[in-house]
Amino acid sequence: MENVRIVLYGVGAMGARIAKSLLKKKGVEIVGAIDIDKGKVGKDLGEILGTDQQLGIKVSNNPEDVFSKANADIVVHSTTSFLKQTYPQIVAVIKHGVNVVSTCEELSYPYATEPELAEKLDKLAREHSVTVLGTGINPGFLMDTLVITLTSVCQEIEQIKATRVMNAATRRVPFQKKIGAGLNINEFKERIETKTITGHVGLTQSIAMIANALKWKLDKIEADPVEPVIAETHVESEAVKVRPGQVAGLKQCARGIKEEKEVISLDFQAYVGAREEYDAIIIKGVPNVHEKIAPCIHGDSGTVAIVVNLIPTVMNATPGLVTMKDLSVLSAALGDMRDHFG
Ligand SMILES: NC(=O)c1ccc[n+]([C@@H]2O[C@H](COP(=O)([O-])OP(=O)(O)OC[C@H]3O[C@@H](n4cnc5c(N)ncnc54)[C@H](OP(=O)(O)O)[C@@H]3O)[C@@H](O)[C@H]2O)c1
């Protein structure tokens, strides 16, 4: 088998980390890079990655040009969180007959908030015989796919609760900005109201995916307003300094309600200085399941891994828009990527 030919669509914090991981792998080749950031367009990808090595791939802001020359098998897409914004980007990729694995949070289960766009993407992907998947560590794995996988050992299920607590000090800068680290409370509230910071995107998608896997018909999904977490002590990381009284990050909760009972609840907390970091899943059922991963899985590193590991899975999958719950048992794609096909 030939090398897997990959175009990076978005070479920000995640796209750059994914590129570095791909460069270490056998059986893959980066054949194009797309971004709209003026600071990146026209530069060699090696420069964007902060390496001395020129890779001979110029970052382009012209997707049509890239796809007409690249003969790509798959696009690794990491631009924004919202499907309305990413939709035209993904449509253009599909029309070139190229598969997509994306970190767009709303694409992880687009039927939750954008069912019409999801149907259109599915139809278009089938017509062009390609597969489109939205994934990542969260949404995409920790608070949905892993939960669904754990339900497979239950005969009955009454209630599911998943909690993720992470210390954002070790995360990428765009994430620290997204959770408001370093702002004062009024700035935080104003930016949440004006949507200049979004908080975590994906709890609704994760709940809808779990419910769909269990064939639970939810009456509604409720998401609480995003709450700031206030720093008690001075916390400093490479990118952010937070003084006591300032916002260290945020917490968000969402619930799936069925017959007036809270059957799924997700509790997400991300702030600099979190003392205990963990991912926990509690399933009240027969049998009960109590699973805890401590410290929690590193979000950036885990996202790079899941996106890269799923390249063969996406390329082998049935054409259409797929979600994580539609895939067979997942595993790392270690070693030469070409060994994971067929
Ligand atoms: N599901 C998960 O678990 C997971 C995990 C990590 C990240 N994510 C999501 O993945 C996305 C990327 O994250 P990030 O940290 O890499 O963000 P980032 O650093 O802001 O990078 C995104 C890059 O894409 C560029 N871009 C934006 N719109 C574009 C377009 N229409 N065409 C081409 N390039 C475009 C941006 O340029 P400008 O800066 O000029 O806009 C930027 O260079 C975010 O939405 C993030 O929330 C999801």
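All ligand and atom numbering here is 1-based and tracks the order in the structure. Predicted model only: the values in this text are computed from it and were never measured.
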Task: Option set Met143, Arg172, His77, criterion heavy-atom distance to atom 6 (C) of ligand 1, minimum - done: Arg172
- [ ] Nearest heavy atom to atom 36 (C) of ligand 1 wins, so pick from Thr135, Val41, Asp35.
- [x] Asp35
Open item on the list: Check this for me: does any side-chain nitrogen of one of Lys251 and Glu227 sit under 4.0 Å from a carboxylate oxygen of the other?
Closed with: no
Task: Nitrogen or oxygen of Met14 less than 3.5 angstrom from that of ligand 1 - done: yes
- [ ] Please work out whether any backbone atom (N, CA, C, O) or any side-chain heavy atom from C-beta onward of Ser81 is under 4.0 Å from ligand 1, and answer side chain, backbone, both or neither.
- [x] both
Open item on the list: With heavy-atom distances below 4.5 Å as the criterion, would you say the side chains of Ile57 and Val31 are in contact?
Closed with: no
- [ ] Quick one: look up the protein heavy atom nearest atom 5 (C) of ligand 1 and list residue, atom name and how far away it is.
- [x] Thr303 OG1, 3.3 Å
Task: Lys/Arg-Asp/Glu bridge criterion (N-O < 4.0 Å) met for Glu277, Arg171 - done: yes
Task: Element-labelled atoms of ligand 1 that are located less than 4.0 Å from some non-hydrogen atom of Ser78 - done: 12 (C), 22 (C), 24 (O)
TODO: Just say parallel, tilted or perpendicular for the rings of Phe67 and Tyr9, cut-offs at 30° and 60°.
DONE: tilted
Task: Heavy-atom pair of closest approach, residues Thr145 and Thr149 - done: O-OG1, 2.6 Å
Open item on the list: Any nitrogen or oxygen of Ile34 lying under 3.5 Å from a nitrogen or oxygen in ligand 1? Just yes or no.
Closed with: no
Open item on the list: Tell me the nearest of Glu105, Gln85, Glu106 to atom 8 (N) of ligand 1, using heavy-atom distances.
Closed with: Glu105
Task: Shortest reach to atom 41 (O) of ligand 1 by a heavy atom, considering only Leu142, Ile18, Ile36 - done: Ile36
- [ ] Before accepting this row, confirm whether a basic side-chain N of the pair Glu187/Lys189 lies closer than 4.0 Å to the acidic partner's carboxylate O.
- [x] no
- [ ] Run the numbers on His96 and Glu64 for side-chain hydrogen bond (donor to acceptor under 3.5 Å, both in side chains), then give the verdict.
- [x] CA-CA 9 Å; His96 281 276; Glu64 290 302 316; 2.9 Å; yes
Task: Heavy-atom nearest neighbour of atom 40 (O) of ligand 1 within options Asn61, Asp37, Ile306 - done: Asp37
Open item on the list: So that I can tick it off, tell me whether Arg243 and Glu232 are bridged by a salt bridge, with the cut-off set at under 4.0 angstrom between side-chain N and carboxylate O.
Closed with: no
Task: ligand 1 contact by Tyr9, heavy-atom criterion under 4.0 angstrom - done: yes
Open item on the list: Check this for me: does any side-chain nitrogen of one of Lys325 and Asp144 sit under 4.0 Å from a carboxylate oxygen of the other?
Closed with: no
- [ ] Look at atom 48 (C) of ligand 1 and say which protein heavy atom is nearest, naming residue and atom and giving the distance to 0.1 Å.
- [x] Thr103 O, 3.1 Å
Task: Check: His77 and Val101 side chains under 4.5 Å, non-hydrogen atoms - done: no
TODO: Do me a favour and list the nearest non-hydrogen protein atom to atom 21 (O) of ligand 1 with residue, atom name and distance?
DONE: Gly12 CA, 3.2 Å
Task: Contact bool for atom 45 (O) of ligand 1 (protein heavy atom, d < 4.0 Å) - done: yes
Open item on the list: Give me the residue, atom name and distance of the protein heavy atom closest to atom 30 (C) of ligand 1.
Closed with: Gln89 NE2, 3.6 Å
Task: Closest protein heavy atom (residue, atom, distance) for atom 22 (C) of ligand 1 - done: Thr79 O, 3.4 Å
Task: Mode of Pro139 contact toward ligand 1 - side chain, backbone, both, neither (heavy atoms, under 4.0 Å) - done: both
- [ ] Answer yes or no: does an N/O atom from Lys40 fall short of 3.5 Å to an N/O atom of ligand 1?
- [x] yes
TODO: Look only at the side chain of Gln176 and the backbone of Ala168, and say whether a donor-acceptor pair between them is shorter than 3.5 Å.
DONE: yes
- [ ] Answer yes when Asp73 and Arg5 have at least one side-chain N-carboxylate O distance shorter than 4.0 Å, and no when they do not.
- [x] no
Open item on the list: So for ligand 1, is Ala13 a polar contact partner (N or O within less than 3.5 Å, distance only)?
Closed with: yes
Open item on the list: Heavy atoms only, cut-off 4.0 Å: how does Lys178 contact ligand 1, side chain, backbone, both, or neither?
Closed with: side chain
